[in-house]
Amino acid sequence: MKLVKISRKLHKWLMLFLGLQFVIWSVTGAYMVIFDIDYIHGDSLVTNHQTSIDHKTIGISLEDVIKKYPDAQNISLAVLIDMPVYRFNVKNQNILLSAKNAELLSPINELMAVKLAKHHYSSDDDILEVALISQNPPFELSKRHLPAYRINFDALGSPSLYISASSGKLVTKRHEFWRLFDWMFRFHVADYEDGEPENLLLFWFAVFGILACLSGLVLTYFRVIKKQVEVS
Amino acid sequence: MQFIKSVHKWASLFVGIQFLLWLVSGFYFNIMDHSKAGGNQYRERIEKVAVDYRSTGNQKLIDPKLVLAENKKTQNLQVVTILGKPYYLLTHEKGLYRHFYNEQTLVDAYTNQIIVIDEHMAKKIALTSYNGPGKLTSVIKLMPPIQDIPKEKNTVWQVNFNDNVNSSVYINASSGRLIRHSDDDKRFADFFFMLHFMDYASEGSFNNWQIILFSIVTLWLALSGLIWTVELGFNGHYRLSLRNQKSKIKVSDKSGKLIDELSFSINQNLLDGLIEHDIVLPSSCGGGGTCGQCKIKVNSDAKITSADKLHLSPLEVESGFRLGCQHKVREFSDLTLLNTHTAKKHALVLMKSTFISPFIKELRFKLQNGSHLKYKAGAYMRFFVPAAKGCAIPQKLPDEFQPHWHHISHLEYEHLACSRSYSLATYDTESDELVFTIKIQTAPEHKILPGIASSYICNLDVGKMIKAVGPFEEFYFSENSIDASIENVSETNVNDEKTLVMIGAGAGMAPLKAIILERLKKYNSKQNIHYYFGARHEVDLIYRELFDELTQKHLNFKYIPVVSKDAHNWFGETAYVQNILNKHFNELGHIDDLAFYLCGPKAMMQDTIVLLQNKGVKPQAIQFDDFAN
């Protein structure tokens, strides 16, 4: 009977301090597993267009590009909605060039950004706000994508698409479910500072949590499994 | 509140082990070496080689327009360098992410030739990205799903090295892109991720159905636990005092008699506090308020907890019954014990253990310290049975009784400690031995455990010690069992005029035997004593010779054995003992001159009490030893 008694006391006192963290773990954990990660990542917000390049519309050869931009690197040829475009870097600069007529398209203007966002967005919701972000990106946008347009749509979860102003590419997408997921993750790893699971607070929560869980298992064992023996 | 506790119990049973795995794996993520767990111990950063677009001749790149015209429909053409050489990577079908399915073709940028990444090329790519001491051991083409990289949906080359961590390098088989390195450190971490994500089917996902189910049950577990904790807090279970303050409680026994004033730490619960004074309340939950056994009686305006409400009837609560584990010492200044007693604990040594019927044993004990106990005949003692291993069929079963045990299947089991009460079958001055008759409670059906206490005690070896507390005198020959309303009755020897009618059955006859012997032998009483004893078969008529002998010696003693199952050689009564009592009732004497003592199985006692009440016997004239407690 002694083991039960010790477990009872241990479980009771540990949970006084850990109880809230256990609730946080289970609420955040449940959120993260119940919502499909692809949905969280906003995969359903965008259409994965499969438009092929019509080689007949290409008027500019690679040679022409090199003549104009001798330092071009990382060259690629793709379609922007339906127009063939060259993308490449000159030093650290992204260049977007029409493959039809060598027109320099970058940096794209707001109108073009909206057009691209609508093209990628999977529904026909209204656009709420368009903003060009050139510095101090929000948490959800990596610095390497700057400058970029944020296009907010008027829909459940406040979806945003980020279109690179220099490449015209859809660089990322976000909605509240993902933003919430990020918060949930930080709560889950008991990290209230920088989002890494290596922190002392989590360490002690886990150590005492294991103790609390073991003592709880002892109690369950004695209440459910051993009970039959005791009653007889 | 009971709902909450019930939810907590069953939820914990369901997710308990996984919960521990979550905590342990989570703990591992906290302490693991994150750089090692990345699997990149021997990964060499490949410097990007600039493509020389200005060369001419056979070092001149083919124009993309031509490449597109001569190949399958392409939505993206990209210049890549593999092993220092430029290629065009054509994407025909694009996945949202690189690890999603992508249909791609690699084309030599100088010759417009389609390049298939073969074993040789995969080897070379892997070697340029590897800086470890190992030798390349194998190159294998793998189709998804791939254990090391479960999210990958494209065909890959796996290049293996025989270094200390068994590195593997993965290369996309159509684009030649280096996907990642993996090694034993990463695989070890992946094992914990598998546990943490319950990804027991290795889908590389934490959105599987089993974790969703478990997470929902865990939510219930955590929330019910939180509510329980808050409730405990409100009921003052979390108070701590720096000084260990003591407080005194007057403790009375069942009859209201003050036993002692005992000192307790004020923040203890009564269950724990009483144990320190050798007063053991019954409890199987250890103080969780879930078994409802540790009943005590206090003043009726005491605080009522949810556990009190659940386990006690409204009437009991109103009359001041509470559960000891749910209340703190400081709430009370006095209390009454119900199911426990302050009698002393004794160490008893088994002197003799004999089968006296197929299922009943006579056990003779002596006190270990050699002293002698005084008690009224009919008293009982409470035995403390330790946790032990038990067996459904007793050892050393005499041959003649073995057929009676044939239907019992062999079962070995472990049991917890418990305590059980057994009546003494002797009176105190008969000898210095404490004699008990104990029936081995067999299991009603297969897989149910037999009576663990009776099995334990009856299997005890001679010379072994067992602890018991008592004797407790609750059932005994009473001088006061006359109707108090009758006035002007001379006080002397009133009972000697009374006829004692004893009704017993089975091993429950022990206290009756003790009282009969005490009356006849110790006090040499001349009052009439009728002893009705019921058993199933003739072989179960225990102590038959003893009672036959008493009948011959004492004219005032009558022994009426009754057998309920018909038998060939039986000349006595065949019926239930209460039926025979009914038959004989009018011959026993005047109703006011009868005193009844009942002891045996519950059904027999209930029937008999109803019978006697119907005959007009006053409740004061019926004494019974209630086994059910």
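Each chain gets a letter, A, B and so on, in the order the sequences are listed, and its residues count up from 1. Note that these values count all heavy atoms, side chains included, but never hydrogens, waters or copies made by symmetry.
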Bottom line for Trp22(B): the part with an atom under 4.5 Å from chain A's heavy atoms is neither
Using the ring centroid of each side chain, check whether Phe181(A) and Tyr39(A) are separated by less than 6.0 Å.
no
Honestly, the part of Phe214(B) sitting under 4.5 Å from a heavy atom of chain A is neither
Which atoms of Ile212(B) come close to chain A, meaning under 4.5 Å heavy atom to heavy atom: side chain ones, backbone ones, both, or neither?
both
Result for side-chain hydrogen bond (donor to acceptor under 3.5 Å, both in side chains) between Tyr162(A) and one of His145(A), Glu140(A), Lys169(A), Arg174(A) points to Glu140(A)
Heavy-atom pairs under 4.5 Å with chain A - which of Trp209(B), Tyr97(B), Phe197(B) has more of them than the others?
Tyr97(B)
Measure the spacing between CD of Glu63(A) and NZ of Lys60(B) and express it to the nearest 0.5 Å.
4.0 Å
Phe88(A) vs Tyr69(A), ring-ring contact (aromatic ring centres under 6.0 Å, His included): CA-CA, chis, key distance, verdict:
CA-CA 9 Å; Phe88(A) 49 87; Tyr69(A) 300 95; 5.1 Å; yes
For chain B, the option from Leu20(A), Ile34(A), Val27(A), Ile60(A) that forms the most heavy-atom pairs under 4.5 Å
Ile34(A)
Angle between ring planes, Phe205(A) versus Trp25(A), binned at 30° and 60°: parallel, tilted or perpendicular?
perpendicular
Which bit of Ser61(A) comes within less than 4.5 Å of chain B, counting heavy atoms only: side chain, backbone, both or neither?
both
Under a plain distance cut-off of 3.5 Å, with no hydrogens placed, do Glu93(B) and Gln50(A) share a side-chain donor-acceptor pair?
no
Identify which part of Val46(A) has an atom lying under 4.5 Å from any heavy atom of chain B, answering side chain, backbone, both or neither.
side chain
In Å, rounded to the nearest 0.5 Å, how long is the span from NE2 of His175(A) to CG of Leu45(A)?
5.0 Å
For Leu13(B), which atoms come within 4.5 Å of any heavy atom of chain A: side chain, backbone, both, or neither?
both
Can you tell which part of Phe100(B) gets under 4.5 Å to a heavy atom of chain A, answering side chain, backbone, both or neither?
side chain
Whatever's closer than 4.5 Å to a heavy atom in chain B on Pro70(A) counts as both
Greatest number of non-hydrogen atom pairs under 4.5 angstrom with chain A, of Ile211(B), Leu221(B), Leu96(B), falls to Leu96(B)
Note: vs chain B, highest number of non-hydrogen pairs under 4.5 angstrom among Asp38(A), Leu214(A), Val65(A), Ile37(A) is Ile37(A)
When Ile17(B), Thr74(B), Asn208(B) are compared by non-hydrogen pairs under 4.5 Å with chain A, the top option
Thr74(B)
Interface moiety of Ile53(A) toward chain B, non-hydrogen atoms closer than 4.5 Å:
both
Leading residue by heavy atom contact count with chain B [cutoff under 4.5 Å; candidates Ala206(A), Ser52(A), Ala30(A)]
Ser52(A)
So which of Trp10(B), Tyr53(B), Tyr88(B), Phe206(B) has the biggest tally of heavy-atom pairs under 4.5 Å with chain A?
Tyr53(B)
Give, for atom NZ of Lys9(A) and atom CG of Leu14(A), the distance between the pair rounded to the nearest 0.5 Å.
13.5 Å
Less than 6.0 Å separating the ring centroids of Phe193(B) and Phe29(B)?
yes
Out of Leu105(A), Ile95(A), Asn94(A), which residue meets the side chain to side chain contact (heavy atoms under 4.5 Å, CB included) rule with Ser166(A)?
Asn94(A)
Ile75(A), part contacting chain B, at a heavy-atom distance under 4.5 Å
both
By a 4.5 Å heavy-atom criterion (distance strictly below it), what part of Ser12(B) contacts chain A: side chain, backbone, both, or neither?
both
Close side-chain approach of Asn71(B) to Leu77(B), heavy-atom, < 4.5 Å:
no
Tell me, side chain or backbone of His41(A) under 4.5 Å from chain B's heavy atoms, or both, or neither?
both
Distance-minimising heavy-atom pair for Trp228(B) and Ile4(B)
N-CG2, 4.4 Å
Reported CE-to-CD distance for the pair Met198(B) and Gln18(B), which is rounded to 0.5 angstrom
4.0 Å
Ala72(A) versus chain B, heavy atoms under 4.5 Å apart: side chain, backbone, both or neither?
backbone
Rounding to 0.5 Å, atoms NZ (Lys73(B)) and CG (Asp54(A)) come to a distance of 8.5 Å
With only heavy atoms counted, which part of Lys67(A) is less than 4.5 Å from chain B, the side chain, the backbone, both or neither?
neither
From the list Asn74(A), Val79(A), Asp36(A), Val207(A), the residue making the most non-hydrogen contacts under 4.5 Å with chain B is Asp36(A)
Non-hydrogen atoms of chain B under 4.5 Å away: do they reach the side chain of Phe35(A), the backbone, both or neither?
backbone
